[in-house]
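Shown next, in structure tokens, is the structure this report addresses.
Each chain gets a letter, A, B and so on, in the order the sequences are listed, and its residues count up from 1.
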2 protein chains.
Amino acid sequence: MPRPSRRDHLIETAITLFCEHGYHATGIDRLLATAGVSKKTMYQHFRSKEELIYAALQQYDSVFRNNFMKAVEDIGKTPEEKLLAIFDVAETWFNGNKFFGCMFINAIGEYSEQESPIRDISKQFKKLMWGYVNGLAKDACVKNHKALADELCLLLEGSIVTAQVSQNPQAAFIAKKMAQRAVQEALA
Amino acid sequence: MPRPSRRDHLIETAITLFCEHGYHATGIDRLLATAGVSKKTMYQHFRSKEELIYAALQQYDSVFRNNFMKAVEDIGKTPEEKLLAIFDVAETWFNGNKFFGCMFINAIGEYSEQESPIRDISKQFKKLMWGYVNGLAKDACVKNHKALADELCLLLEGSIVTAQVSQNPQAAFIAKKMAQRAVQEALA
DNA sequence: ACATAAAGAAACAGATTTGTTTACCTTATT
DNA sequence: AATAAGGTAAACAAATCTGTTTCTTTATGT
């Protein structure tokens with residue numbers, strides 16, 4: 001059981017490929033060849049491709065949010081600084097060499113059905129991110145912290161898509177500028 | 001030649017299905033059955049599925065921007081009002097019964113290759129939208145109109161994704177509030 | 001070293017994909 | 001009415017997709 005388990009490695013590979021090429025466009029065969037894992041082993045761990053997608057999204061949700069929060073708290077010391085550090089972390093993310101937008105936004109684009117588990121986990125991810133920002137806003141003694149969280153999260157979404165589609169390397173800074181105004185007004 | 005040409009009808013159907021179900025998930029057979037057009041006819045008009053996708057995006061680009069600009073100018077009378085009307089138009093769009101996010105954002109999620117024509121047209125669409133907003137900002141005598149256009153476009157992207165993924169019906173209003181601040185500061 | 005469990009390789013099945021081709025039908029125009 | 005264009009329907013091809021199965025190899029624990 002030690003060693004990077006086949007299961008984990010499959011999920012890792014799935015995240016990489018689904019991010020870059022999308023969900024439908026990434027075939028099982030290709031994924032398995034990339035991971036160097038046999039089909040039998042995969043179907044032993046996951047009942048279907050959709051289950052693998054789901055597991056990949058779960059893992060990504062956990063890892064991404066953890067790293068994101070750590071990075072934010074590394075940059076920002078005061079709660080107010082942390083709120084703005086969100087966009088510094090975003091900037092690093094966007095201008096890295098393997099940025100293909102948000103896995104969850106992309107997932108919703110391919111799986112729009114209302115009751116899909118993929119839909120649900122994507123929505124949930126955004127809710128958890130909102131919860132984190134809301135917590136930071138509370139810590140910063142923002143009276144209307146919910147409204148500020150709404151605004152900052154929307155700015156983050158906007159910067160992600162702007163970086164992805166328009167490929168504007170300034171996306172994070174544009175958002176940060178508006179975030180500064182939002183925080184300033186929320187604290188006034 | 002029947003009145004609504006087969007070509008136009010195919011494009012119309014393509015837009016509807018690609019919007020709702022995505023690009024890879026929408027098979028040619030299904031599209032043709034929905035449109036009530038034979039396969040032969042389709043391949044007479046479009047050399048491949050990708051060409052049909054491209055034509056659909058072209059058509060959508062034209063129709064969407066035209067309708068969008070008309071709607072904005074219907075609501076806002078002064079240039080400054082028009083800048084904010086963007087988000088009223090967005091609100092109507094989001095809360096309509098067939099909103100599945102932005103076709104171009106979704107397209108990039110499925111076709112991330114750098115040199116793809118699908119990528120190019122999506123990027124171009126955003127550029128044209130930016131150009132429109134930039135023009136409005138100029139008309140409103142905003143000194144740094146480019147920066148304001150950057151901000152308002154990012155807010156629009158953010159509201160689209162927030163409405164699509166988080167399904168927050170307030171998305172447009174949250175963005176509008178920040179847009180008001182942005183315009184106010186740009187005019188100060 | 002041996003027994004047992006796990007993984008790989010590859011064939012296979014069945015559905016579905018894009019795209020081509022063949023044969024027939026409908027309809028406008030001359 | 002004959003012709004020609006443009007349409008449908010359906011069979012077909014070849015590739016690819018998800019998922020199953022079989023047989024073999026490789027590790028691991030005792």
Side-chain angles (χ1 to χ4, degrees), chain A residues 1-58 106-107 109-113 116-119 121, chain B residues 1-58 106-107 109-113 116-119 121:
Chain A
M1 314 304 194
R3 294 205 320 276
S5 80
R6 300 298 205 269
R7 198 190 124 97
D8 288 347
H9 187 230
L10 278 169
I11 291 179
E12 201 80 13
T13 308
I15 290 173
T16 304
L17 295 183
F18 290 149
C19 261
E20 174 155 7
H21 303 290
Y23 300 87
H24 287 92
T26 303
I28 290 289
D29 286 347
R30 182 187 188 177
L31 198 155
L32 292 172
T34 306
V37 169
S38 77
K39 208 177 249 194
K40 191 190 177 191
T41 304
M42 187 217 125
Y43 278 103
Q44 214 160 280
H45 286 292
F46 308 98
R47 304 177 71 90
S48 65
K49 182 186 180 180
E50 193 163 325
E51 287 282 345
L52 174 56
I53 293 175
Y54 190 78
L57 290 174
Q58 277 187 316
N106 295 347
E110 295 199 45
Y111 301 90
S112 63
E113 292 154 65
S116 158
I118 294 177
R119 234 227 112 83
I121 199 176
Chain B
M1 289 206 214
R3 275 313 113 85
S5 81
R6 299 301 206 260
R7 199 189 125 93
D8 288 347
H9 187 228
L10 277 170
I11 289 179
E12 202 76 17
T13 307
I15 290 174
T16 304
L17 295 184
F18 290 148
C19 261
E20 175 155 5
H21 303 290
Y23 299 87
H24 288 91
T26 302
I28 290 289
D29 286 347
R30 183 189 186 176
L31 198 156
L32 292 172
T34 306
V37 169
S38 78
K39 206 176 251 194
K40 192 188 177 191
T41 303
M42 186 218 124
Y43 277 102
Q44 216 160 277
H45 286 290
F46 308 98
R47 302 175 74 89
S48 65
K49 182 186 180 181
E50 194 164 322
E51 287 281 346
L52 174 56
I53 294 175
Y54 190 78
L57 291 175
Q58 277 187 315
N106 295 346
E110 294 197 48
Y111 300 91
S112 64
E113 290 153 67
S116 158
I118 293 177
R119 234 227 111 85
I121 199 177

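The shortest side-chain heavy-atom distance between A:E113 and A:I118 does not fall under the 4.5 Å cut-off. The closest side-chain heavy-atom distance from A:H21 to A:R30 is below 4.5 Å. Within the 4.5 Å cutoff, the side chain of B:I28 has no heavy atoms near those of the B:F46 side chain. Counting heavy atoms from C-beta on, the side chains of B:L31 and B:L52 come closer than 4.5 Å. Between B:P117 and B:E50, the closest side-chain pair of non-hydrogen atoms falls below 4.5 Å. Two residues are said to be in side-chain contact when any heavy atoms from C-beta on lie closer than 4.5 Å; B:Y43 and B:E51 fail this criterion.
Checked against D:dT18, C:dA7, D:dG19, the side chain of A:H45 finds its nearest nucleotide in C:dA7. In the set C:dG19, D:dT8, D:dG19, C:dG19 carries the atom at the smallest distance from any side-chain atom of B:Y43. Comparing D:dG7, D:dT18, C:dT17 by their closest approach to the side chain of B:K40 singles out D:dG7.
Considering only side-chain N and O atoms, B:T41 lies nowhere under 4.0 angstrom from the phosphate OP1 or OP2 of D:dG6. Between A:R6 and the phosphate of C:dG8, there is a side-chain N or O to OP1/OP2 separation shorter than 4.0 Å. The phosphate of D:dG6 has neither OP1 nor OP2 within less than 4.0 Å of any side-chain N or O from B:Q44.
Checked by atom type and distance alone, the side chain of B:T16 pairs as donor or acceptor with a backbone atom of B:E12 at under 3.5 Å.
Nucleotide C:dA15 holds its P atom 19 Å from the CZ atom of B:R30, rounded to whole Å. Atom CG of B:L32 is separated from atom P of D:dA10 by 14 Å (rounded to the nearest Å). Remark: C1' of C:dT18 and CG of B:D29 are 8 Å apart, rounded to the nearest angstrom. In this structure, CD of B:E50 is placed 15 Å from C1' of C:dT17, rounded to the nearest angstrom. Look at CD1 on A:I53: it is 14 Å from P on D:dC17, rounded to the nearest Å. Taking atom CD of residue A:E51 and atom C1' of nucleotide D:dG19, one finds them 14 Å apart after rounding to whole Å. Here D:dG19 presents its C1' atom at 15 Å from CG of A:L31, a figure rounded to the nearest Å. When the P atom of C:dT18 is taken as reference, atom CE of B:M42 falls 9 Å away, rounded to whole Å.
Mapped onto DNA chain D by nearest heavy atom, B:S38 and A:K49 fall at different nucleotides, with B:S38 at the one closer to the 5' end.
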- Query: So what does the secondary structure string of DNA chain D come out as, 5' to 3', with Watson-Crick or wobble pairs under 3.5 angstrom, [ ] for crossing and | for pairs with another strand?
  - Reply: ||||||||||||||||||||||||||||||
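Judged by distance alone, with hydrogens and angles left aside, A:K39 brings a side-chain donor or acceptor within reach of the base of D:dG19, the pair sitting under 3.5 Å.
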